[in-house]
Structure formats: structure tokens, C-alpha cells
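Right, one structure below, let's go through it.
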Amino acid sequence: MNSQESKTSEYTIAFYNLENLFDIHNDATKHDGDFLPGSEKRWTKKRYERKLFKLGQVISKIGFENTQRPPAIVGLAEIENENVIKDLIQSKDLQPYDYGLVHYDSKDERGIDVALIYDKTVFTVEDSKTYSVYLEDDIGEQDYTRDILLVSGMFQNERLHLIINHWPSRREGELISNPKRIKAAEKVLEIIEAIKADHSNPKILVMGDFNDNPGNDSVKLLSNKGELYNPMETLLSYSRGSVSHNFKWNLFDQILFSTNFFETEKNKLKFDEANIFDEKFLTQYKGKFKGQPFRTYVGKKYKGGYSDHFPVYVQLNTTKV
């Protein structure tokens, strides 16, 4: 078949932890006290708008080299509310594109949620819902964390199911907090089973900040029992990851997918490649943190960067006859 008879289209699907994208307004239902103009961090309108501009700039460039357009779908973590997402998709570099959003407020203790933005010319949302992960603290009371978001819809002529995550952190220590991330993985497996009960051979993408690496128990449980392929396994090295802690790279941000993305039928989305979007402009350019993500804050000190995480992405293509 020659090139005049078939045409290959490339699409990017990304995930990005935005590092505390809060607006400047006090919300009594959220723990947003650090991100107010009068706080120690002095989170002002100017700083908020600067962060929106920078994040929009990043998102617009993910995968652009191959697709000549911004990502078709982006899962987001660490956003305060729907308004900040609306402001983000109206930022200078994203405003020309027709992005829609899906967001629900969760009961997370830090007042942050996950969300999804999508190119309305490519993806049509049919259904969305959230799932809570039930956790308990040391005294047996409910310990609230981010909900898991499921968005199902039509990507061109194919139905996709997207599961967006931000699993419990390692703040108490990796081992102590490990059971919480196992619980989150088990909840995602329940969601996958429910999708499979309703759909034959469904195409599923699971993305998020898992606060675990590809080789950790929770992610292994997810990939093995959920029958998902994890293209991120080969990307983590001593010199590369999506987030750096104590000068050690981790790849907490990952995108996994059902193995039917390897099928090569015409007009069907198939997996092409996966990567970390760690372009030089996103990194600290000097000092002891050189090469690490250029953050908005280090503690209470304002740095004016993008995020403490790099985005990750997969590229899918479809060959049209």
C-alpha cells in the first residue's frame, strides 16, 4: 500500500502533576491557607498567572514534535478546583485549542484533586465518575485521599476508558504508607473489572502520580492483575525520572494501558512510544539541583518555576485507509 492510500495520524496522551495549582481565593472547605496573598508563601495574582502561563506553555509542547499539535488528552493532579483548570485552558498557549475538562471535588485533606482536559475536536466524553479509596488513620478514623477519576468516551471512532490517579504519598515513609497505595491499586482493579463486565475487549489507559515506581508492589499489582502494559518500566534510571527526592530519581508518574493497544488493525489506535517530557527549559539550570524539575516553590521560598514533576506521555497512532 503506498502513502497515497493510507494516512497515519499521531496523538499524544499525557499526565502532569502541576504542583499545587491553587487560585488566590480563600475556600473554607479546602486547606488552601498556604496559597493566599497574605500567607508566608505570598501567593499573589501575578504569581498565579505566571504559573498558569508556564504550565500552559509546557502542556502545549508535550509531543508536539511528532504530532504538530498539543496533547489530545492530559490527566492532571494537584489542582484545587474547576476554576483553576478553566484558567489553565484559557492561558495563552492553550486558548487557541478547544479543550474541555472533567473535574470533581474530592475530600482530600490537602484540598487537591485530579482532573482531565481533552481536545474536543478529537475526544467526546460519554460518561465520567469518581471512586473513593477508603483508608483509615492510626486511630481508625477515615483518612481522606484523592478520588480516582474514570472518564469514558469516543476518541475519533474508538471508545477509550481513562482512569486518572494520585495515590497516597510517602510522607510517613515508604513502608508505612505502602498499604495505602496497595488499597488504591485494588480500587483501580475493581474499576477495570467493572469496565470489562460492560464492554468487550475495552481499551483502557491508567495514568497518574502513583507515588511508587514501576517496580514497586502497588504498580506491579496493577499491571499484573489488571493485565496492563507499563511502557514506563524502561524509562527510570539513576540519571532520569519524573521527580527527584534527595537527589534520587523516581518515576512516580506513569501511564499504563491494556494490551489491545498493540493490535494493528486499520483505523484503530495503537501504541507508538512513551517518554518523560524533561526538556531542558523545564529544569533547574544551575546550582546543586541542576537538571532537576524547576519548581514553583522549595518549601516556602518562591522559585517561579513550573512544577516539581515532569510530565509523562504516550504517543498513539492510527492508520486511516
Side-chain angles (χ1 to χ4, degrees), residues 15-20 31 34 75 77-78 106-114 130-149 163-193 206-256 274 276 278 288-289 291-293 295 297-299 307-312:
F15 175 81
Y16 196 8
N17 180 322
L18 302 181
E19 189 199 358
N20 295 317
H31 289 184
D34 281 347
E78 293 203 8
S106 73
K107 291 182 178 177
D108 172 65
E109 289 169 354
R110 285 180 58 211
I112 52 172
D113 310 316
V114 296
T130 56
Y131 297 82
S132 296
V133 181
Y134 184 79
L135 304 172
E136 288 184 354
D137 61 20
D138 295 339
I139 57 171
E141 292 185 353
Q142 188 167 359
D143 185 10
Y144 292 101
T145 187
R146 279 77 57 171
D147 287 346
I148 297 166
L149 172 63
I163 305 172
I164 323 302
N165 302 264
H166 186 187
W167 289 0
S169 79
R170 295 181 168 197
R171 201 173 297 113
E172 310 152 272
E174 182 186 340
L175 289 177
I176 292 171
S177 58
N178 185 51
K180 294 182 177 182
R181 291 185 294 282
I182 295 286
K183 278 270 182 72
E186 289 169 346
K187 179 56 73 172
V188 176
L189 292 171
E190 282 178 35
I191 298 167
I192 290 171
E193 284 309 306
V206 181
M207 64 183 79
D209 173 356
F210 298 111
N211 273 303
D212 266 336
N213 286 309
N216 287 128
D217 295 345
S218 63
V219 182
K220 280 293 186 191
L221 176 68
L222 182 59
S223 58
N224 292 340
K225 285 209 170 173
E227 299 175 321
L228 302 171
Y229 177 72
N230 189 352
M232 307 282 161
E233 281 185 6
T234 58
L235 296 178
L236 178 62
S237 72
Y238 75 95
S239 60
R240 199 170 187 227
S242 65
V243 62
S244 179
H245 181 64
N246 292 335
F247 299 96
K248 183 185 176 221
W249 282 108
N250 291 292
L251 190 56
F252 290 169
D253 307 271
Q254 299 165 59
I255 301 174
L256 299 83
I276 305 163
D278 54 0
K288 67 177 183 177
F289 299 109
Q292 294 186 16
R295 305 171 59 160
Y297 282 91
V298 176
S307 170
D308 54 351
H309 290 245
F310 292 135
V312 294

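Among residues two or more places apart in sequence or in another chain, the salt bridge (Lys or Arg N to Asp or Glu O under 4.0 Å) test is passed with Glu190 by Lys187. Contacts of Asp253 classified as salt bridge (Lys or Arg N to Asp or Glu O under 4.0 Å), with partners at least two apart in sequence or in another chain: none. Shown here are the side-chain hydrogen bond (donor to acceptor under 3.5 Å, both in side chains) partners of Ser132, two or more places apart in sequence or in another chain: Asp147. Qualifying salt bridge (Lys or Arg N to Asp or Glu O under 4.0 Å) partners for Asp108, counting only residues two or more places apart in sequence or in other chains: Arg146. When the side chain to side chain contact (heavy atoms under 4.5 Å, CB included) test is applied to Ser237, the partners found at least two apart in sequence or on another chain are Ser239, Arg240. By the side-chain hydrogen bond (donor to acceptor under 3.5 Å, both in side chains) test, Asn213 pairs with Asn250, sequence neighbours left out. Residues passing the salt bridge (Lys or Arg N to Asp or Glu O under 4.0 Å) test with Lys220, sequence neighbours excluded: Glu233. Every residue two or more places apart in sequence or in another chain that forms a side-chain hydrogen bond (donor to acceptor under 3.5 Å, both in side chains) with Lys180 is listed here: Asp143, Glu172. In terms of the side chain to side chain contact (heavy atoms under 4.5 Å, CB included) criterion, residue partners of Ile192 (sequence neighbours excluded) are, by chain and number, Ile163, Val188, Lys196, Ile204, Val206, Leu222, Leu228. Checked against side chain to side chain contact (heavy atoms under 4.5 Å, CB included), Tyr238 has no partners two or more places apart in sequence or in another chain. Listed by chain and residue number, Arg170 satisfy the side-chain hydrogen bond (donor to acceptor under 3.5 Å, both in side chains) test with Glu174 (two or more places apart in sequence, or in another chain). For Asp34, the side chain to side chain contact (heavy atoms under 4.5 Å, CB included) test picks out Lys41, with sequence neighbours left out.
For the pair Ile182/Asn178, a side-chain contact is recorded, criterion being any heavy-atom separation below 4.5 Å from C-beta on. Leu251 has its side chain out of reach of Val243: every pair of non-hydrogen atoms, C-beta onward, lies at least 4.5 Å apart. Residues Pro214 and Gln254 are in side-chain contact: their nearest non-hydrogen atoms beyond the backbone lie under 4.5 Å apart. Within the 4.5 Å cutoff, no side-chain heavy atoms of Phe252 are placed close to those of Asn17.
In this structure, the separation between OG on Ser242 and CZ on Phe210 is 11.0 Å, given to the nearest 0.5 Å. Atoms OG and OH, from Ser106 and Tyr131 in turn, are 15.5 Å apart once rounded to the nearest 0.5 Å. The CG atom of Asp209 sits 12.5 Å away from atom CD1 of Ile164, with the distance rounded to the nearest 0.5 Å. Note that CZ of Phe15 is 10.5 Å distant from CE of Met232, once rounded to the nearest 0.5 Å. How far CG of Leu256 is from CG of Asn165: 9.5 Å, rounded to the nearest 0.5 Å. Atom-to-atom distance recorded for Leu149:CG and Thr130:OG1 is 7.0 Å, nearest 0.5 angstrom.
Between Lys225 and Glu186 there is no salt bridge, since none of the side-chain N atoms of the basic residue sits less than 4.0 Å from a carboxylate O of the acidic one.
Closest approach of Ala185 and Leu221 over heavy atoms only: CB-CD2, 4.0 Å. Taking each heavy atom of Phe310 and Gly241 in turn, the nearest pair found is CD1-O, 3.4 Å. Taking each heavy atom of Trp249 and Pro293 in turn, the nearest pair found is CH2-CD, 3.7 Å. The two residues Ser218 and Asp212 come nearest to each other via the heavy atoms OG-OD2, 2.6 Å. Glu78 and Asn20 make their closest contact through OE1-N, 2.8 Å (heavy atoms, listed as atom of the first residue, atom of the second, distance).
Exactly one residue among Val114, Ile148, Thr145 makes a side chain to side chain contact (heavy atoms under 4.5 Å, CB included) with His166. That residue is Val114.
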Original post:
Given Arg295 and Glu19, is the side chain to side chain contact (heavy atoms under 4.5 Å, CB included) satisfied, shown in steps?
Top reply: CA-CA 8 Å; Arg295 305 171 59 160; Glu19 189 199 358; 3.9 Å; yes
**OP:** Would you check, one step at a time, whether the test side-chain hydrogen bond (donor to acceptor under 3.5 Å, both in side chains) holds for Asn211 with Ser169?
**Re:** CA-CA 6 Å; Asn211 273 303; Ser169 79; 5.4 Å; no
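Relative ring orientation between Phe247 and Phe289 is described as parallel, the plane-to-plane angle staying below 30° on a 0-90° scale split at 30° and 60°.
Side-chain atoms of Asn216 and Arg181 form no donor-acceptor pair, as typed in the model, at a separation below 3.5 Å.
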